[in-house]
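Numbers restart at 1 for each chain; the letters A, B, ... are given by sequence-line order, proteins then strands.
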2 protein chains.
Amino acid sequence: MKNERQTEESQVEKFARYLQTNGMKFTKERRIILESAFATHRHFEVDDLLFQLRSNNKRVSKATIYRTLPLLVRSGLLREVHDDDKHTHYEHIYGHEHHDHLICLNCGKIIEFGNPIIESLQDEVCKQHEFTPVKHRYEILGYCRECVGKGHP
Amino acid sequence: MKNERQTEESQVEKFARYLQTNGMKFTKERRIILESAFATHRHFEVDDLLFQLRSNNKRVSKATIYRTLPLLVRSGLLREVHDDDKHTHYEHIYGHEHHDHLICLNCGKIIEFGNPIIESLQDEVCKQHEFTPVKHRYEILGYCRECVGKGHP
DNA sequence: TCTGAAATTGAGAAGCAATCGCAAAACAGG
DNA sequence: CCTGTTTTGCGATTGCTTCTCAATTTCAGA
């Protein structure tokens with residue numbers, strides 16, 4: 001939670017800069033949410049944050065979390081991840097290399113993968129269609145080795 | 001709506017086969033929903049279907065639509081598409097080549113693209129991770145030429 | 001340090017897509 | 001025409017997310 005001091009500092013700075021640029025304030029609630037979001041090194045959803053905050057006796061309302069997470073996304077610190085689940089999940093992107101996901105439909109395990117060739121082909125596709133990409137969503141759903149071993153097709 | 005008679009017949013057959021295989025009945029409601037889903041050649045959502053049915057004086061309850069669309073997905077006739085919108089969209093896949101989407105964040109336009117090289121690289125990625133793919137979600141979000149021309153970044 | 005405009009928060013209400021429960025209806029096979 | 005099963009429709013319900021608005025906090029300038 002307190003390791004990687006340098007990058008953690010810059011996360012705070014980056015968020016602060018984003019907020020300031022847009023005439024918003026860096027409140028203590030937003031700081032708490034930022035810290036909590038980066039305390040885990042896994043994907044998380046709103047309820048995970050809420051639970052974690054309650055465990056640490058920090059009180060931030062659900063509404064504020066729902067309001068703050070999109071700010072963290074826009075500031076380039078988080079990214080939305082789409083399970084087949086209903087609700088939105090998030091993961092860190094700041095300080096992490098870009099990657100996409102293999103998601104197991106049985107156990108929910110998430111395997112990260114990155115493929116530069118795919119990325120460059122993607123850029124080419126966009127160029128062909130005169131399309132200016134902003135972000136993408138690339139998830140392969142299926143079954144991991146363990147679950148296939150257990151007979152899940 | 002009545003063109004492509006051959007493929008339309010096989011859609012019905014394919015759905016009928018799927019239902020029978022799973023001990024389900026091919027009711028007239030399910031047939032109406034199937035026909036309606038394939039009447040459009042665009043992406044659609046539940047409300048689109050409802051509106052269309054009402055316009056044609058066909059009465060199928062919302063619940064039945066919600067129950068039937070997943071069956072059409074499982075039978076291999078439809079595919080879910082994820083806008084950045086909240087609710088689920090669907091598109092035909094039966095009789096169409098596989099493709100993915102470029103989605104304009106401003107006007108919502110959807111451009112289809114298919115890239116065999118990306119597909120094969122994807123298979124390779126799965127092999128490397130001993131992952132058995134079932135389906136994927138690959139959407140590139142950004143701005144189309146027209147919207148960039150109009151100053152949308 | 002004090003002041004006031006502007007932004008933010010919290011708590012609950014509201015929205016809304018999707019799901020559920022159950023009685024009535026439709027089916028299929030005998 | 002019975003009989004057991006599946007399906008439908010309706011309304012109610014769920015569960016995530018957003019909204020409303022009064023109260024609070026923040027920050028720049030006095």
Side-chain angles (χ1 to χ4, degrees), chain A residues 12 15-37 43-54 56-75 78-90 108, chain B residues 12 15-37 43-54 56-75 78-90 108:
Chain A
V12 173
F15 191 36
R17 198 179 320 123
Y18 169 80
L19 291 173
Q20 194 166 34
T21 305
N22 292 77
M24 298 166 138
K25 293 168 181 171
F26 195 7
T27 63
K28 59 176 172 301
E29 285 84 1
R30 286 177 179 159
R31 178 184 295 271
I32 289 172
I33 293 169
L34 170 61
E35 283 171 0
S36 185
H43 296 193
F44 63 90
E45 54 192 274
V46 170
D47 278 343
D48 297 330
L49 278 197
L50 261 174
F51 178 74
Q52 196 189 325
L53 291 178
R54 300 240 163 101
N56 290 39
N57 269 333
K58 317 216 178 191
R59 225 166 298 270
V60 179
S61 78
K62 190 182 297 197
T64 299
I65 295 178
Y66 273 107
R67 282 186 285 234
T68 303
L69 288 177
L71 301 179
L72 288 168
V73 170
R74 279 184 229 124
S75 69
L78 294 184
R79 177 161 81 119
E80 293 185 359
V81 178
H82 296 262
D83 256 344
D84 249 9
D85 217 343
K86 218 159 315 190
H87 30 305
T88 312
H89 290 233
Y90 295 88
Chain B
V12 173
F15 191 37
R17 200 178 319 124
Y18 169 81
L19 291 173
Q20 194 166 34
T21 304
N22 293 76
M24 298 166 139
K25 294 170 182 172
F26 195 7
T27 63
K28 58 176 172 305
E29 286 84 1
R30 287 178 178 157
R31 178 184 293 272
I32 288 172
I33 293 168
L34 170 61
E35 283 171 359
S36 185
H43 296 192
F44 63 90
E45 54 193 274
V46 172
D47 278 342
D48 296 331
L49 277 197
L50 261 175
F51 178 75
Q52 195 190 326
L53 291 178
R54 300 242 162 100
N56 290 40
N57 269 333
K58 316 215 179 188
R59 226 166 296 272
V60 178
S61 79
K62 192 180 296 194
T64 299
I65 294 177
Y66 273 108
R67 283 188 283 235
T68 303
L69 287 178
L71 300 179
L72 288 168
V73 170
R74 277 185 231 123
S75 69
L78 295 184
R79 178 162 81 120
E80 292 186 1
V81 178
H82 296 262
D83 255 343
D84 248 9
D85 215 344
K86 218 159 315 187
H87 30 303
T88 311
H89 290 234
Y90 295 89

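- Against DNA chain C, the stretch residues 17-27 of chain B makes heavy-atom approaches under 4.0 Å through B/K25.
- Atom NZ in B/K86 sits about 7 Å away from atom C1' in D/dT17, given to the nearest Å.
- Close to C/dT9, at under 4.0 Å from its OP1 or OP2, lies a side-chain N or O of A/R30.
- Judged by closest nucleotide on DNA chain C, B/P70 is the one of B/K28 and B/P70 placed further toward the 5' end.
- Panel note: side chain A/T68, backbone A/T64; a donor-acceptor pair is recorded below 3.5 Å.
- When rounded to the nearest whole Å, the span between OH of B/Y66 and P of D/dT13 equals 19 Å.
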Using the side chain to side chain contact (heavy atoms under 4.5 Å, CB included) rule, take B/L50 and B/R54 through it: C-alpha gap first, then chi angles, then the decisive distance, then the call. CA-CA 6 Å; B/L50 261 175; B/R54 300 242 162 100; 3.7 Å; yes
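- Atom NE2 in B/H87 sits roughly 19 Å away from atom P in D/dC16 (whole-Å rounding).
- Atom-to-atom distance recorded for B/L49:CG and B/Y66:OH is 10.5 Å, nearest 0.5 angstrom.
- Here B/R67 lies in heavy-atom contact (under 4.0 Å) with a base.
- As rounded to whole Å, 14 Å separates atom C1' of C/dG10 from atom CG of A/L53.
- In this structure, B/S75 contributes its side chain and B/L71 its backbone to a donor-acceptor pair below 3.5 Å.
- Close to C/dA18, at under 4.0 Å from its OP1 or OP2, lies a side-chain N or O of B/T88.
- If you take CG of A/L69 and P of D/dC16, they are 15 Å apart, rounded to a whole angstrom.
- Closest approach of B/R30 and B/K25 over heavy atoms only: NH1-O, 2.6 Å.
- Rounded to whole angstrom, the span from the CZ atom of A/R31 across to the C1' atom of D/dT25 amounts to 15 Å.
- Within 6.0 Å of CD in B/E80 there are more than 12 heavy atoms belonging to other residues, nucleotides or ligands.
- The distance between atom CG of A/L50 and atom P of D/dC16, rounded to the nearest whole Å, is 11 Å.
- Per the geometry, CD1 belonging to B/I65 stands 13 Å off C1' belonging to C/dA17, to the nearest Å.
- Place B/E29 and B/A63 on DNA chain C by their nearest nucleotides, and B/A63 ends up nearer the 5' end.
- Using cut-offs of 30° and 60° for the angle between ring planes, the A/F26 and A/F15 rings count as perpendicular.
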